[in-house]
Chemist: 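I have a structure I would like to understand better, so I am pasting it below and will then ask my questions one at a time.
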Amino acid sequence: MASTACFIIVSRNDIPIYEAEVGSAVKKEEAAHQHQFILHAALDIVQDLAWTTSAMFLKAVDRFNDLVVSVYVTAGHTRLMLLHDSRNEDGIKSFFQEVHELYIKILLNPLYLPGSRITSSHFDTKVRALARKYL
Amino acid sequence: MEPDVSIESGCMIRVAVLPIGPIPQSKLRDYVSILVRHNKVELSAISSFYTEDQKSPFANQPWDTGSLRFKFNVGWSPLSPWEDFQSNRKILAVIGICDCPSSPDLDVVGEQFAVACKGYTSSLVQRCFAFCPGEDQLEDGGKKGNNLVLFPPADQQTQEFHLLTMMQDIAASLLMEFEKWVLRAESAGTILKTPLDSQTSLSSEEVIKAKKRRLGRAQKTIGDYCLLAGSPVDANAHYSTAIELARLTGDFFWYAGALEGSVCALLIDRMGEKDPVLEDEVKYRYNSVILHYRKAFMQDNAQRVSTLGFELEATLKLARFLCRAEHAKEVVELLMTAADGAKSLIDASDRLILYVEIARLFGTLGYQRKAAFFSRQVAQLYLQQDDCWAAISAMQVLAMTTKAYRVQSRATSSKSLSSSNENGLSHADIGKMQPQSVVSLFESQWSTLQMVVLREILLSSVRAGDPLAAWSAAARLLRSYYPLITPAGQSGLASALINSAERLPSGTRCADPALPFVRLHSFPLHPLQMDIVKRNPGREEWWLGSAPSGPFIYTPFSKGETIDSSKQEFVWIVGEPVQVLVELANPCGFDLMVESIYLSVHSGNFDAFPIHVSLPPNSAKVIPLSGMPTSVGPVTIPGCIVHCFGVITEHLFRDVDNLLLGAAQGLVLSDPFRSCGSPTLRNISVPNISVVPPLPLLVSHVVGGDGAAILYEGEIRDVCISLANAGSVPIEQAHISISGKNQDSVISIADETLQSSLPLKPGAEVTLPVTIRAWQLGLVDPDNAGGKSASGNVGRLSRDGSSPMMVIHYAGPSCESGDTTTSSSTVPPGRRLVVPLHVCVLHGLSFVKARLLSMEIPAHVSETLPKFVHKENSSTEEFAGSKTDCLVKIDPYRGSWGLRLLELELSNPTDVTFDISVSVQLESPKNDDNPTLIDRDAADFGYPKTRIDRDYSARVLIPLEHFKLPVLDGSYFMKDSQADDASNSKSSISEKNLKAELNASIKNLISRIKVKWQSGRNSAGELNIKDATQAALQSSVMDILLPDPLTFGFKLSKNDMGPKTQIDSPNESNSQVNYIACKGSISAHDMTPMEVLVRNNTKEKIQMNLSITCRDVAGENCIEGNKATVLWAGVLSGINLEVPPLGDIKHCFSLYFLVPGEYTLVAAALIDDADDILRARARTDSPDEPIFCRGPPFHVRVIGTA
Amino acid sequence: MVGREVSESCVDSMIIEMVSSYCDRFCSAKPELAARRIEAIGYQVGLQLSERYTMERPRFSDHLEAIKFICKDFWSELFKKQIDNLKTNHRGTFVLQDNRFRWLTRMSIDPSETNANTSDDPSVATTESKSAQSASMHLYFPCGIIRGALTNLGIPCAVSADMSNLPACSFVVRIKA
Amino acid sequence: MAPLAPRTGDAVFANVERVNAELFTLTYGAIVRQLLTDLEEVEEVNKQLDQMGYNIGIRLIDEFLAKSNVSRCVDFKETADVIAKVGLKMFLGVTASVTNWDVDGTSCSLVLEDNPLVDFVELPDTCQGLYYCNILSGVIRGALEMVSMKTEVTWVRDMLRGDDAYELRLKLLKQVPEEYPYKDDE
Amino acid sequence: MQFFGGSDISPSPPVATGSGSNGHMMYVFNRNGICLLYREWNRPLRTLSSQQDHKLMFGLLFSLKSFTAKMDPTSVDKGNLGVPQLPGQGCSFHSFRTNTFKLSFMESPSGIKIILVTNPKTGDLRESLKYIYNLYVEYVVKNPLYSPGTPIKCELFNTSLDQYVKNLA
């Protein structure tokens, strides 16, 4: 399992609607912040990349120091972003795919306003489980 | 590493620019700015200064197209250890800048300059530019050495020109120096040292290697000089040899250097061209440059020095070269590798430079977030070295990132802010805004990052000693992210705010509001006393037909679209204070002191009154903010000005509205108001408020205390209300109306007194009495039962809506009342005063029941028919009694007193006594075809008072005879028929309105009976018995209202039997009123002539068969019925008569009595072929049933002896 | 996900009722407002469905692809048939025509009115336009769906519809530049 | 001519035109969401949903009668069963069980384990007190009224509120015979 | 009796034996006695105002139903004569025949009454009425523009109805 992994979902409006530190390493707030800064910065690159390919899984698009940003862009341009130090691309891919399914379930909830924060605890636990499974 | 390097920087001649002597910063800036313009000098321009004393090594120098480029380093610039490797790193010239006014002694200047130049061993040319010299300086400046150049004061242009020539001179001499250097190098060779090979002890083979390499390096350096000399072609030639040699000698570092040079040369040569081939070439070469620098790094042990700097610089150079959207991918890749390099950089400042460069490049690429990221890295590096300057630069760098992280201060981002507000406002009903668009309002709520950035800004600005920036940062942090901050952290921020405020001059304003949150709560209604009413000049009742322009009523329940209606027209008045309710919330864990808060009005015609508020932790408060309009015009209230934490800020309602909206959608962290436990309001928008010129203002008070008047039911009381004009304008028109419950209990208002007192000048006062009759209390109304709890009731009653209200519409002068054509806007509005007439009604005398009594009392036969007499105080008791000839009323034709009495039973539950007085008002009959009735003119019958003690009850009798109608008429019969049986219906319509008529006549009957009461000295009233009476009378109304078709009267006829004509002519009867010689007795044993008088009360002629019966009487009830004990009876019958309509006839007959005693005469008639009217009156419907009409009994007293 | 189905008339009657309540009850006074609401409802549905149906497929790299997706897969998921005809001016305007749009198959406008508007009696003419208006109200929903779907696929656009010859219906998509 | 027996819910459902339930679910969801935005008070939303349901019921009843050969809805017990087994099946593809009859047979419960309206739905805290499926009660009420049964339909259990099933309480208020609408004397 | 349902959702129209249009007219009433539809194909003689006509027709059915119910020898639960019934309650008639015409009648439990007047020789029309009821559901009830309880003005319905009745036995 990846020692560091920070997973966020960014809505079409560039709002993070879900954030989770799913790394095995002990969490330090500083680090966590830094992770988010990196992911935020990576959006610029994702933005350009997204239209150049039709694949949802964009693999590693950005890095800073030894941390890599892998991104998965849904058709609705919701971005699943993972900051990680592992190189297990397949694991990451399947992680993304399964999270995507979860996300769609959330999105189909009529009372969930697309683009707003995902508060469902059920979703959170599921995601963390997937992280343990694949990362 | 060096900042701002590009591929071209290889050809730039580095010039140190040094301030000599004291120079004011501003001046230095000016001088430098004009100097640095000349960073490029055309070769063609310098030929005049150039002298070729020997063959120039720059064989193919492009004299016509080429140019020399300069790079000015202002201030002391350190010598680079790599000068030999890249000649453009050498300081090749020094230019001093001196401001003559501030350093008068030019000699000193000269010396200082000389000293300064010492440092720059590599400099080939030195000049000192002395600006604006004085006269004396000018003249002795001449004889100084030629490296002091004086710029005599002159206009801009000449100065420019002068400076240009000087630069050309410098350029020329530099060029010549370069030539010298190159020639020398070519002939003698040169020693080139770089930190890489500065080992003191060279092992033998190294020495050999070094020898081998020297040539190539020399070539490379010559190439550099060619570049500097602006001759790319020559440079290229040298470089290519250098490259070749370097490759052979495996001198990677210099290989890379030469390659770099060659690319530079290439670009200079192909200046301005942008063909892809070139680009690819550059890319290709530079990649190998980078590669070789890395190689050099590999093979060399990097402890002491590393070539990493060069590798990174090269990378950045390439990136900068490619930095365009179409190359984004590559550039990003380059920059990422560059960034990777950072951690292996030894020197912190190098890392700083690297990050700055990367940030810049991302910025130019349009990757704002990336740029922001690296800028922040830079900022952090700055913050690591904690000195003020570093902090300042950190602050500046962070300031640049705020846009990307969306934490801009309002001050900077006012534009974007306003746009977002447009977004907010464009939806009239923001509550109904489509969620999708709402989201866009709260884009990138990336709180984690934003908080970190704000914290860093706060930190840096505190260190940098910029209190305002610190304050604003803390404010933004606290306001936007309080839910994510621990109470401790919150109060920390609070103190940060206060501390930075202490360093600020008082009254400082900041664009970013801190706490509290302020939202518009409501516009309180005008107190009813101050309502403003639009005046529509068109009509007499100007207040009608136009909805009141105020108050602005806020309804929390308004559904769906009605929110638009909250955008109302709303009128304020110059000089009359107004209030607006706002709600403040302090969602934080500390006590919040708002030094002052007041409405911010941009339209400038409003004085807002500041107030002081303190909010405990996690609390919300609704407070009234008041102010006074000062001049006519529209008023806009975007928000409040708040003075809190020592700084003045403006809090816009709109922002909070948007915030709440976001919270409702779950897009914002939390709703500060809800978290303070205050309910959610629908956000109300500020109405269009317009201020109008002063209006009159009427204020009222009830004379003798405003408390409710305590009255018994039905009590009548005058209340005096005094009205005063508290306004500054006279009241010219006023109109009073009554509204509310129990309106009819107001009997009269002295409107005329008000009207007469108009116009009511400011300050003037008028009192008008209002007469009130206390209404009946609902029987089920326990809590005002009895007067016991009267005082308690006052409050209650005046609260509940049962009291009527007096509404006064009034207005000042209408500017031009003459023409109603002027639109109502020009007419100043009027106002409305509502005066509740507080009445507390107590249960008074209560009415138990009413019933109808009837009796008949025989009359006595006499010469005359019994007359209608009435005595004043004839009491009810007397009815039964002896004085038969002075009766209340008697029908002359009927001759006896069929009495119908209404009995009212009253009870007195109160603890005071009541005096009851009944009065019956008579009307003069209308129909003239019955003159005899005229003497019954309108008069009130008074009956003696009845006193009812507390908790007692009493009966009151009211005779109804007065109401008998004179004529039995078809129309009435119709009514009867209705009254009798409304069941059968042929024409329902006429049926209805006949019923109506009947009821009407009953009503008017009833209305003429009044039961007044009096209690104590000053409370008197009237008992409301209408309904009860009506109920009582309804059944037998016919008998009360209608006369019999025939009435009979007996009298003793005079001895002269001449028929007495028209006995009943008015004058006659009047005359007869005087002499009543009622010897109402006849003696036995003699023939007594009598006459019976039959009167026809119908409008039809009546055929009849009259019969007269005479019986003796024993006891009262003898007239009929089985109890009658008849001793003797005589009947006279079979008299056929015909009576003309409304006429009467006499029939004479005689009686002869044998036995004295009391006898009774009764006349009866069988009416032949009676018409419907009679039948109906007789309540029969079978057509053949005989109609029998019996007169009342008459008494005859027979005296004498048997 | 669940492959469950419900009776078609559930959806139909729900939509009918939704439209009529917004037109006659909530925003009776303001038809344009009702239209906005109905469209918004469609928008959300479109948004969600598109995300749902694009799950297993690669993302679209250009507009035409996305539109095609709407015409083919998306439409068949909704109506068990594809759009019959797609036209475009290659400048961001697309016309999607469904020759037998399910939600209009049972819609028939009062014949008396239709021939009324031939006779130039203003009163009936107005009634006719009124019924036409109420008919068009039913199209805001599908328009919203299309817009929502496309927006979700990163293509902000405006969608209008025309039903001049029932039960055919054509939707015009204008992509915001 | 022998009367056809009323058809089973499955038979009818097999025959009717069917559509993808997601469209249905999401459409309904979107409506609810819009109502929440427009009406703001949850109570009001419940009311409106019920009203909409009622109107729908009025329409649906005829289709139901036409397609299932249900010929008489006179007995309340029978009718409740028909709703549970045929009606719900025919439209929503689910069946309910009828339980908790009271003594005089005028009120009972329809219990649904599953219900296409609520696929994917999770009630956020902002919607406390919302009867998400309230439209259903309205439909039943409306339909029954068309077959002359005035009823009162209320939610007893709701899985969205954490109960273990969806339970609707049907209470028969009265059966209204059809009146002769014309006056004699005209 | 009961009403008989086609086994399909929109059953194929029962085969029309014989030929030539012998449908005279058709009425559709709803449970409130409002005449939603009056359609006539061949009615030589018209004596009454349409309003009167509808009233009479409804009255006829109303009383006929209560009579039949009253006369029903099988059932026990009989209200008094004229006491209104629930639709579908008790027994009911489905057609009667005079020497000049035949009237076929069906009533749905929801109180929709379809009356078809044809020439006396026509056979059993219960299937056809059922079919027409289905048409009503498909084209009237499901027409988004139709609001329940109002007179029917639907092209689709009228056309399909006409052509169905045209070739009715």
Side-chain angles (χ1 to χ4, degrees), chain C residues 1-27 30 33-34 36-53 55 73-81 102-103 105-106 140-142 144-145 148-149 152, chain D residues 9 12-35 37-39 44-45 47-49 51-64 66-67 87-94 114-120 135-136 138-139 142-143:
Chain C
M1 304 229 162
V2 288
R4 74 159 32 161
E5 293 188 312
V6 296
S7 139
E8 181 186 25
S9 36
C10 288
V11 180
D12 293 359
S13 47
M14 172 112 62
I15 295 171
I16 293 173
E17 178 54 27
M18 178 263 288
V19 171
S20 67
S21 355
Y22 264 99
C23 295
D24 309 341
R25 279 195 286 147
F26 304 145
C27 323
K30 319 181 176 155
L33 199 62
R36 239 169 70 197
R37 298 283 182 273
I38 296 168
E39 205 269 358
I41 294 176
Y43 179 93
Q44 187 186 343
V45 176
L47 199 82
Q48 295 171 316
L49 284 177
S50 68
E51 186 78 21
R52 159 94 182 74
Y53 294 144
M55 194 174 145
D73 315 43
F74 192 74
W75 215 251
S76 0
E77 286 280 2
L78 262 55
F79 303 111
K80 299 193 164 136
K81 82 186 277 300
R102 259 192 177 286
W103 292 343
T105 47
R106 299 202 183 70
Y140 283 104
F141 184 64
I145 292 186
N152 185 50
Chain D
V12 189
F13 189 59
N15 273 321
V16 291
E17 283 288 341
R18 292 183 304 282
V19 294
N20 175 335
E22 282 163 8
L23 174 60
F24 175 65
T25 311
L26 295 180
T27 305
Y28 180 60
I31 293 172
V32 176
R33 234 275 302 287
Q34 190 63 45
L35 287 180
T37 323
D38 293 351
L39 306 177
E44 185 63 14
V45 174
K47 199 166 125 264
Q48 292 302 342
L49 285 177
Q51 181 55 45
M52 293 173 82
Y54 177 82
N55 300 345
I56 294 175
I58 288 177
R59 279 182 186 262
L60 281 186
I61 182 66
D62 277 308
E63 178 174 10
F64 169 71
K67 294 183 178 175
L88 290 172
K89 181 70 186 174
M90 162 175 170
F91 289 110
L92 298 180
V94 297
D114 174 26
N115 160 5
L117 282 175
V118 301
D119 290 336
F120 328 112
I135 197 159
L136 205 49
V139 173

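The sequence lines fix the lettering, A, B, ..., with proteins before strands; numbering per chain opens at 1. Note that the structure is predicted; figures quoted are calculated from it, not measured.
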Chemist: Please walk me through it: do D:V139 and C:E17 pass side-chain contact (heavy atoms from CB on, under 4.5 Å)?
Modeler: CA-CA 11 Å; D:V139 173; C:E17 178 54 27; over 6 Å; no

Chemist: Of the listed residues (C:S21, C:C10, C:S20, C:G42), which shares the most heavy-atom pairs with chain D below a 4.5 Å separation?
Modeler: C:C10

Chemist: State whether C:K80 and D:E17 are salt-bridged, where the test is any N-O pair (Lys NZ or Arg NE/NH1/NH2 against Asp/Glu carboxylate O) under 4.0 Å.
Modeler: no

Chemist: Which atom names give the shortest non-hydrogen contact between C:I41 and D:T27, and what distance separates them?
Modeler: CG2-O, 4.4 Å

Chemist: Is there a side-chain contact between C:R25 and D:N55 in this structure, where contact means two heavy atoms from C-beta onward sitting under 4.5 Å apart?
Modeler: yes

Chemist: Please evaluate residues C:Y22 and D:Q34 with respect to the criterion side chain to side chain donor-acceptor pair (under 3.5 Å), reporting the C-alpha separation (whole Å), side-chain torsions for both, the decisive distance (0.1 Å), and the verdict.
Modeler: CA-CA 11 Å; C:Y22 264 99; D:Q34 190 63 45; 4.5 Å; no

Chemist: Atom CG of D:L23 and atom CZ of C:R52: how far apart are they, to the nearest 0.5 Å?
Modeler: 12.5 Å

Chemist: In terms of heavy-atom pairs under 4.5 Å, which option from C:L78, C:V11, C:I38 contacts chain D the most?
Modeler: C:V11

Chemist: Out of curiosity, C:I16 CD1 to D:M52 CE, how far, rounded to the nearest 0.5 Å?
Modeler: 11.5 Å

Chemist: Which region of D:L92, side chain (C-beta onward) or backbone (N, CA, C, O), has a non-hydrogen atom less than 4.5 Å from a non-hydrogen atom of chain C, or is it both or neither?
Modeler: both

Chemist: Rounded to the nearest 0.5 Å, how far does CZ of D:F24 lie from CG of C:D12?
Modeler: 11.0 Å

Chemist: Using non-hydrogen atoms and a 4.5 Å limit, figure out which bit of D:L35 sits close to chain C: side chain, backbone, both or neither.
Modeler: both

Chemist: Please find the pair of heavy atoms, one from D:N20 and one from C:Y53, that lie closest to each other, and give the distance.
Modeler: ND2-OH, 2.7 Å

Chemist: Identify the two heavy atoms, one from C:M14 and one from D:I56, that lie closest to each other, and give their separation to 0.1 Å.
Modeler: CA-CD1, 4.0 Å

